[in-house]
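The next block holds one structure in the form of C-alpha cells; read it before the comments.
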Amino acid sequence: MLQVKHILENKEQVIEGLKKRNLDAETLVQQIIDLDIERRASIAKVEELRAEGNKMSKEIGGLFKEGKVEKANAAKAKVQEIKSEQKALEEGLNDIEGKFNDLLYHIPNVPHVTVPAGISDEDNEEVYKEGIIPNLHEGAKPHWDIVKEKDLVDFETGVKITGAGFPVYKGKGARLQRALINFFLDEADKGGYAEVIPPLLINEASGIGTGQLPDKEGQMYHATSDDLYLIPTAEVPITNIYRDVILNEDELPKKNCGYTPCFRREAGSYGKDVRGLNRLHQFDKVEVVQVVHPDESYNVLNDMVDHVKELVRQLRLPFRILRLCGGDLGFTAALTFDFEVYSAAQERWLEVSSVSNFETYQSNRLKLRYRKGQDKPQLAHTLNGSALALPRIMAALIENNQDEKGNILIPEVLHKYTGFDRI
RNA sequence: GGUGAAGUGACAGAGUGGCCGAAUGUACCAGUCUUGAAAACUGGCGUAGGGAAACCUACCGGGGGUUCGAAUCCCUCCUUCACCGCCA
C-alpha cells in the first residue's frame with residue numbers, strides 16, 4: 001500500500017497519478033488525510049492516559065511496600081477510573097484505525113509518470129515489436145485441434161478429473177511442457193536468479209503482503225478448512241520470503257526465480273477467449289523476482305524486460321511489448337510491460353508475460369526493508385516478471401510451427417530438453 | 001493424530017507479578033592504546049507509533065483474559081523439539 005507519509009506530502013501528485021487509472025481519488029485521499037489527523041489526536045490522548053495510569057501503577061507498588069495500604073487503595077480506585085476512560089478512547093481509536101487502514105488498502109499504486117492514460121487493454125502502448133508473423137499454409141489449424149489430433153493435451157479427461165480449465169498434458173505434450181520449464185529455469189539461472197521451489201499454498205498474511213488480499217480474494221482458490229490459498233502466481237510465495245526482513249544494503253539486489261503451477265479461479269471471465277490453452281485455471285509458469293534498491297528499480301525493470309525478450313526471441317516467436325495504460329495496470333504495480341506473442345492460426349496476440357515494478361507498494365505491506373550502515377531501515381523496491389507463462393507459449397509454438405505435412409517443428413533451443421525436434 | 005517440553009534482542013542465554021525494553025556473553029559500530037593489526041579498555045548498539053522538542057507509547061511466538069500493575073499467572077491458536085502412532 002501507499003505510505004501515509006507519501007500521501008500527505010504529495011497529495012496532488014497522488015490524486016493526479018491515480019486519474020490515469022480513471023480513479024477520482026480526491027475524496028478518498030482527503031478522507032485519509034482527515035482520518036490521519038483524527039488518528040493522531042486520538043493516539044496522543046490514549047497514550048497520555050496510558051502514561052498516567054502506568055505512572056500511578058508504579059507508585060502503588062511503592063505505597064504497598066511502605067505499608068500505606070489506604071493510600072494505595074485510593075490510588076487503585078483512581079487508576080481504575082483512568083482505565084475505563086482509556087478503554088473508551090481506545091475503542092474510538094480502533095474504529096478510526098480500522099477505517100483508516102481499510103481506505104489505505106483500497107488505494108492502488110500510483111502509476112509511474114510514463115504510464116499512459118487509458119481505459120482498457122486497447123489503450124496500451126506498444127513500445128517494441130520483433131519477429132516475422134508466419135504465413136501459415138492453407139488448412140493450418142488452431143492449437144486446440146492439433147493437440148487433440150496428436151494427443152498432446154487432453155481437455156476432456158481434465159474435465160472429468162477436476163473441471164474445465166485443468167487439462168492433462170500427455171506424451172510429447174507433457175515433455176514439451178517440461179522442456180520449456182527447464183529451458184526457462186536454466187536461462188534464469190544464467191541471469192543470476194537463484195532458484196527456489198516455494199510452497200503452493202499460502203496463508204493470509206502472505207496474500208496481504210503482495211497485494212492479492214484483500215482486493216483479489218475471489219481470484220484465488222481458498223482451502224477454507226485450513227484457511228490457505230492456492231497461489232495464483234509464484235510471485236506470492238517468493239516475494240513473501242522477504243516479508244518482515246531487514247536486509248543490509250550490500251545484500252541487494254536479491255534475485256530469485258522459481259517454477260510453480262499457478263491457480264486462478266478466473267471468476268467473471270467465462271466464455272472470454274477460453275478455448276484450448278488460452279485461459280486455464282491451472283497453468284505452469286517460471287517467475288523471476290527481484291528486491292532492489294529504490295534508485296535501481298527502473299534500471300532493473302529494463303533488465304528484466306530484456307531477460308524476457310531474450311527468452312521469446314530464442315523461441316523464435318514473433319512478439320510485441322506493451323506498456324500498460326492506467327486502466328489496465330494491476331492494482332499493486334507502478335509500471336508494467338506485457339509481452340504478447342503472435343499465435344498465427346488464431347491470428348491474435350496472446351499475453352505470455354507481465355513484468356512489473358511495484359516500487360514500495362508491496363514492501364510497505366511486507367515490511368521489507370534494507371539498511372545502509374547504521375541508518376534507519378528504508379523500504380526496498382520489489383519487481384517481478386513471468387519468464388514465462390507456459391500454455392500460451394505452447395499454443396503459439398504449436399500453431400506457428402506447423403508445416404504442410406502436419407509436423408510441429410520444435411525450436412532449436414529446446415531440442416536438448418525435448419529429445420525430439422518435431423512432433 | 002496422541003503425549004510431553006519449549007518459544008525472550010543479530011546469535012547464545014538470564015529473568016516466574018512492580019526496581020524489566022529486558023542482566024550477561026558473543027557479534028557489530030565509534031574511540032583510546034599501537035608503526036599497523038590483534039588484545040585490552042571506554043562508549044554505543046532493536047523495531048514501530050506519537051511529539052517541534054524534552055520525552056512518551058507499544059512490542060519478550062500470535063490473539064484474548066486476570067490484575068492498580070504481566071516476559072512472568074490463565075485461556076486459545078501457531079511453531080519447534082522429543083517420544084508414540086500412521087505414512088510418501
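Below, read A as the first sequence line, B as the second, and so on, with proteins coming before strands; counting in each chain starts at 1.
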Pairing partner (Watson-Crick or G-U wobble, both distances under 3.5 angstrom) of [N]:
N	result
B/G18	B/C68
B/A58	B/U47
B/A38	none
B/C83	B/G2
B/G7	B/C78

Rounded to the Å, how far apart are [X] [atom1] and [N] [atom2]?
X	N	atom1	atom2	value
A/Tyr370	B/A10	OH	C1'	20 Å
A/Met56	B/G18	CE	C1'	15 Å
A/Glu97	B/A48	CD	C1'	12 Å
A/Asp244	B/U47	CG	P	14 Å
A/Glu85	B/C68	CD	P	18 Å
A/Leu368	B/U47	CG	C1'	15 Å
A/Asn101	B/G49	CG	P	13 Å
A/Lys87	B/G65	NZ	C1'	10 Å

For [N] and [M], measure between their [atom1] atoms and round to the nearest Å.
N	M	atom1	result
B/G69	B/G25	C1'	31 Å
B/C45	B/G9	C1'	11 Å
B/C59	B/U66	P	16 Å
B/U8	B/A14	C1'	10 Å
B/G4	B/C77	P	14 Å
B/A70	B/U26	P	34 Å
B/A30	B/A38	P	11 Å
B/A5	B/C60	P	23 Å

For atom [atom1] of [X], decide whether the heavy atoms of other residues, nucleotides or ligands shown that lie under 6.0 angstrom number more than 12.
X	atom1	answer
A/Glu412	CD	no
A/Lys170	NZ	yes
A/Lys150	NZ	yes

The side chain of A/Arg50 lies closest to which of these nucleotides: B/A58, B/G46, B/C19?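 Closest nucleotide to the A/Arg50 side chain: B/A58.
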Between [X] and [Y], what is the shortest heavy-atom contact and its length?
X	Y	value
A/Lys20	A/Ala117	CD-N, 4.1 Å
A/Arg21	A/Asn109	NE-O, 2.8 Å
A/Pro214	A/Arg365	CD-NH1, 4.3 Å

Any base atoms under 4.0 Å from A/Lys78, or only sugar-phosphate, or nothing? Heavy atoms, all strands.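 A/Lys78: no heavy atom of the nucleic acid under 4.0 Å.
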Indicate, with a heavy-atom threshold strictly under 4.0 Å, whether A/Ala51 touches base, sugar-phosphate, or nothing.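 Sugar-phosphate, backbone atoms only, no base.
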Under 3.5 Å, is there a donor on one side chain and an acceptor on the other for A/His381 and A/Tyr298? no
Pairwise 5' ranking along RNA chain B for A/Asp375 and A/Gln80, keeping only the more 5' one: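 Closer to the 5' end of RNA chain B: A/Asp375.
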Position toward the 5' end of RNA chain B (nearest nucleotide), A/Ala75 or A/Lys55: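 Final value for this comparison: A/Lys55.
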Taking the basic N atoms (NZ, or NE/NH1/NH2) and the acidic carboxylate oxygens, is any pair closer than 4.0 Å for [X] and [Y]?
X	Y	value
A/Lys87	A/Glu90	no
A/Asp145	A/Lys148	no
A/Asp375	A/Arg371	no

Atom pairs under 3.5 Å, N or O on each side, protein against nucleotides 50-54 of chain B: can you list them with distances?
from	atom 1	to	atom 2	distance (Å)
B/G51	OP2	A/Arg40	NH1	2.8

Side-chain N or O of A/Arg369 versus OP1/OP2 of B/A48: is the shortest distance under 4.0 Å? yes
Does a nitrogen or oxygen in the side chain of A/Arg371 sit under 4.0 Å from OP1 or OP2 of B/U47?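 Answer yes for this pair, as a side-chain N or O of A/Arg371 is under 4.0 Å from OP1 or OP2.
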Ring pair (Phe, Tyr, Trp, His ring centres under 6.0 Å) contacts in which one or both residues fall within residues 228-262 of chain A, not counting sequence neighbours: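 Ring pair (Phe, Tyr, Trp, His ring centres under 6.0 Å) check on residues 228-262 of chain A returns A/His222-A/Tyr229.
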Which pairs, protein N/O on one side and nucleotides 69-79 of chain B N/O on the other, fall under 3.5 Å?
none

Hey, are the side chains of A/Phe184 and A/Leu315 touching, using non-hydrogen atoms and a 4.5 Å cut-off? yes
